[in-house]
Structure formats: C-alpha cells, structure tokens
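Okay, structure first, notes after.
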Amino acid sequence: MSILIIKPGILDSFQDLGRFGYSHWGINPGGAADPIAFQLANALVGNPQEAAVLECHFPAPQILIEKDCLISITGANFTPNVDGTPISMNKPVFLRARQVLHFESPVFGARTYVAVHGGFKLEKWLDSYSTLLKAKVGGFQGRSLVKMDRIEFKESVLKCPEMDCHHPIKELAWKVDDVSFYKESNVLSIVAGREANKVLDFQTKISQPYKIKTNSDRMALNLEGDALQLTEPVEMLSTGVQRGTLQLLPSGALLILNADHQTTGGYPRVGHVIKAHWNKLGQITPRSTLHFKLVSLYEAENSYIEQQKELKGIVDQCIERINQWIKK
Amino acid sequence: MPGPYKLYTLGDAALTIEVGTDFSVGQLQEIIHLKNRLLDAQLVGIKEIISAYNSLTLYIDAYQIYKQPNFQGSPIEWIQLQIRSILDHPCSNKDVPGSLHQIPVCYHESLGTDLQRLAEKKNLPIPKLIDLHSAAVYNIYMIGFTPGFAYMGTVSGDLFTKRKDRPENIEAGSVAVAGWQTGIYPFKSPGGWHVLGRTPITIFDPTKTYPVFWKPGDQVKFVPISLEEYHHLNSLKHVDTHH
C-alpha cells in the first residue's frame, strides 16, 4: 500500500543526495535542494540516507495515506495537518490509513521534506532516486507528482502502535532541533570567486541586499539589485560549475546556481555560497531579501565540518532511538 | 610534457585544474587522460569530475577528507597536494581512443530554420553551407547545458557566427552552430545557436544502459540525408520507442 496524491502541489518531486559520476554525459547531480532537511527526514524514521524523500514546494500537495505508516516532515514549515489537526515537524509521527496529510500555509522556507519509514518504492536511475526534471527521468516517472499518482512504500516490518479515534495520530517522544542549521536564514556566507577581482568595487557591491526574483527555481535563484560592473571584459571558456556558484550575467545581474544547475557554464564566477549554507540556499523563497557575507576559505571549510559533525550526531541519535523503540 | 597546470578553488566544495588558456585537440586528449588518471587514483572526497574545454572541475567533500585518519590542516589544500603529486608524476601513453559517430542530418529548410538567414549573412549559397558543415570531422570537447548536449568543434571559418542575442525555442534533434562550435539539442529547449538542420537520432534515451552514446573525446561526422529519409528514420524511431 501507499500514498495517493489527492491534490498535487506546485512541484512535488522525489529526491536523494544526488547523482554523481555521470557528468561525461552532461548529467548534473541534482538532489534535494536542502540536503540537511533531507537527511534529518530520513534519520527521524530510521532510514538509511540513500532512501528517497518527497520534496514539496508551496502550495504543497494533499496526500491520502493508504496504509498505517511512520513519517517525518522536515525543512520548510508549511504547517502540516492531518485531517485538520496540526502535527509536529522534525518528529517521527505515526499516521493511519485513510488520513489526509495537507499543508496549511507557508511559515518558513521554500521546501518541505516528507519521509516514510522503509522508504518509497521507486526505481533508481543511474544510482539515484533524484528526479531529473529536464530529462524527465528519475524519481517517480521523471516528473512532478500529479493528481491520482499512487506511490507505494517499500516493505516494512514496523508495527504501528494502537491508535483509536481519540488518538488518531501518534507522535513519538523525541524531536530534532534544526534551528542551528537555519540561523540567519537569509544571510548566505560566500567565498569570493575566480573573477571577483574583475568586478568594480566587489566588496561593497556584494554587501548590498538582493531581492529574489519570482522566476527562481530548483535550477537557479535570480537576484535583483544594483548591477555589477566588470573592470575589463572577461572572455572565458566554459568550465564545470557547481551549486552555490554566483554567476554574473552580461546584464550585470547575478544568479545563484541551485540544485538542478547544469554541469558547465561560461559566465564570470564572482562567488560561491559555502557548502555549509547550501541548506539555507535551498530554503530561500522568491520575493525575500538576501544578504551575502564574505568569508575565507578556511572559515567555509570549518563551518562545513562543524555542521557535518553536528548533523552526524543528530542522525546517529535518531537512528538509535528509533531502533530502540522498534525493539520494544 | 605534462602541464603546466593551474589549480584554483571554486569556493570550499570545488577545485578546477586549468590546462592551458585555449583549447585544442591535443589538449582535449590530455584532459581526458588526466580525468582517467584522477578517477583511477580514487582519491577520497572527490565526488565528481567535470571535463570542459581547457579544464577539469572536481567536486570536493571536505568532511570526507577530514574524516580520513592521516588528514591534517585544510581539506581542500590537502587534496590539492595529492592532486599535484598525480599531475606532476610523468605519464606516457596519452592517447585515449574515442569513437567516431556518423550522425544523419536533414538540412532541409523546414528543419534548418536558420539556414536562409545564415546564407544571407555569410553571402554563401545554402548548399555551400551544408557542404562546409558536413565535410568536417568534429571533436566533442565538452558535454553540458543539458544531458547529452555535446559541444563540438571546430567549424569552418565561413560558418563562424555569434550566438543570437535572444534565445529562441529549439526543437529536439536540432543541429546548430555558434562561434566555433556546433552541437545538437537533445531536448526541446530555449537556445541561442543557429539551427542548420535536424537529426532523427535520439541523443538522450534514459531507457538505455548508456543513455548518452557519446562522451568528450569522441568524434562526430554529419551525414546529409533527404527529408524523406529523415521522416522514414523518425517513424522507425517512434515504432522502436513504443516497444
């Protein structure tokens, strides 16, 4: 049994941590726009990090639960509800068959993640569950979910606890605190890029607030602000590019490459969002205001290592607790 | 002689090895060879290696490097040292054999929607443009933009043309030129290149073990076909994909 999409969201796609090793075919890694929320979602339900998780934007889908299951919701807070009753985020939550999961209104962030214990039953394509929307492959039929899509769960031996009409939802006792991962959510630390020194007055210019344009998506965030100027024309051959790269367009506008960026690009690279802030990058919403903070490469590396250590600690604890609970 | 290679970081999660400032066939071989050597070395913390015209870009995971027992200092500096030692180690046998792909292209004006404009701009008859484009054997320097999109070069000087100022919608299979490059659009997508024709060949097929049949370093020769042959081959393709 499974979940059934009663009403689709604006973009609901299955993701994992990405598809690596296929750039010789021009295939980009993709993967969850917020890798931290993705990992927390899996950890809360006791899944390995290779399991696929549903990534939803707002408006988010209405989902009919067709079998008792243990789920978790992480990342953006879209006020998740079950049949009108609010449920907690960042917690393992048991739902029953015939309940409907829906999302009321966006409170924080751009993408929420829904994981189910045991994982969704999908086929991997090139070692990954991530949906490659451009090539219509991966995830569930290579596309965003539509009405009446039914996605099966993998086999699970988990027995759901007793739930009755007075207690139709059971939340387990522990919760993950994700606050530290989203501190100053609209401030992204960047390391100066290869062509930053060719931008007139770079340090001042990059400190201005930028507005996120509405045509921003999983491929790129388009920024609105004072145009940047080059001190000399830059002619460059295309090179490999990565998530978080700030590209300077010929118009003087900036864009930030997001999860579904292409593998190569030829625009000047004026900065790179540090890897420890990729999760915040994935949660930035159109129309919001964004600030950049220049940091050194060492600070960037340290932030990432510290973040990964913290994440690993939380993930290990989650797995231990859920395994203990299952054994009981 | 290997190198001299320039290494520079792209933030804390990527590293680029620049091989020269321009591109050439010899350099292309060197880049592919270098990529293979780096793959063979199986360095911990390298998640992806992207080859481009004159560079390789490596995606780095600093935490993977940090977790190694003998690690010290800065992960990206540490991996740079390891890469340096691979690059500086002389190595013979640089030739990496690539395949030659013969790609049928219909240069009919109904499909080559920019043929007329380009002929006028270049003051050359359309058959001459077609001859120029289909006579050469092209090298695939890079695959990017979309899955399967091969950047091939170099086109004859008479075909050199700047890309369009505004991208237009381009049909899947369109064979186009821009600058010194030629390529095929695997998907219907916006693009700024000038379309000379269309191929009935499917460039990207996710149902195949090798969803893209070419890779950087391969060679491509375009073979002109008639509109009838194009439609015939296209109809076979549709039969094929339904099974």
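Worth saying up front: this structure is predicted, and the values here are computed from it rather than measured. All chains are named by letter (A, B, ...) in the order of the sequence lines, taking the proteins before the strands, and each is independently numbered beginning at 1.
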Using a 4.5 angstrom heavy-atom cutoff, name the option from [options] with the most pairs to chain B.
options	value
A:N302, A:I274, A:I27	A:I274
A:H261, A:E301, A:R269	A:E301
A:H272, A:K312, A:H24	A:H272
A:R194, A:Q307, A:Q308	A:R194
A:T264, A:L126, A:V137	A:T264
A:I305, A:T263, A:V191	A:I305

Is [X] close to chain A through its backbone or its side chain, or both, or neither, when contacts mean heavy atoms under 4.5 Å?
X	result
B:F187	side chain
B:I49	backbone
B:T207	neither
B:S189	neither
B:F213	neither
B:I65	neither

For the residue pair [Y] / [X], report whether a side-chain donor-acceptor contact shorter than 3.5 Å exists.
X	Y	value
A:E306	A:S303	no
A:S13	A:Q15	yes
A:Y22	A:D127	yes
A:S130	A:D16	yes

Under a 4.0 Å threshold between the charged nitrogen and the carboxylate oxygen, would [Y] count as salt-bridged to [X]?
X	Y	answer
B:D61	A:K275	yes
A:R143	A:D149	yes
B:K215	B:D218	yes
A:E184	A:K280	no

Inter-chain contacts: residues 75-86 of chain B against chain A, heavy atoms under 4.5 Å |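 Within residues 75-86 of chain B, the residues that come under 4.5 Å of chain A (heavy atoms only) are B:P75, B:I76, B:E77.
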Considering only heavy atoms, give the residues of residues 66-74 of chain B separated from chain A by less than 4.5 Å, sorted numerically, with 'none' for an empty result.
->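 Within residues 66-74 of chain B, the residues under 4.5 Å from chain A are B:Y66, B:S74.
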Check whether any side-chain heavy atom of [X] lies under 4.5 Å from a side-chain heavy atom of [Y], and answer yes or no.
X	Y	answer
B:L100	B:W214	no
A:R19	A:L132	yes
A:Q49	A:V315	yes
A:W278	A:V273	yes
B:V177	B:F160	no
B:Y63	A:K309	yes

Residue part contacting chain B, namely of [X], when any heavy atom lies under 4.5 Å:
X	answer
A:F20	both
A:W25	both
A:V295	neither
A:P250	neither
A:K136	neither

Step by step, would you call B:L38 with B:I17 a side-chain contact (heavy atoms from CB on, under 4.5 Å)?
-> CA-CA 11 Å; B:L38 289 168; B:I17 305 168; 3.8 Å; yes
Indicate every side-chain donor-acceptor pair of residues 136-149 of chain B with a distance under 3.5 Å to a residue at least two apart or in another chain.
| residue | atom | partner | partner atom | Å |
| --- | --- | --- | --- | --- |
| B:Y138 | OH | B:H133 | O | 2.7 |
| B:N139 | OD1 | B:Q219 | NE2 | 3.1 |

Output every pair passing side-chain hydrogen bond (donor to acceptor under 3.5 Å, both in side chains) with a member in residues 44-57 of chain B, not counting sequence neighbours, ordered by first then second residue.
->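 Residue pairs passing side-chain hydrogen bond (donor to acceptor under 3.5 Å, both in side chains), neighbours aside: A:S23-B:E48, B:T16-B:T57, B:Y53-B:Q181.
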Begin with the C-alpha distance, continue with both residues' side-chain angles, and end with the deciding distance and a verdict on side-chain hydrogen bond (donor to acceptor under 3.5 Å, both in side chains) for A:Q283 and A:D34.
-> CA-CA 7 Å; A:Q283 294 298 355; A:D34 179 344; 2.9 Å; yes
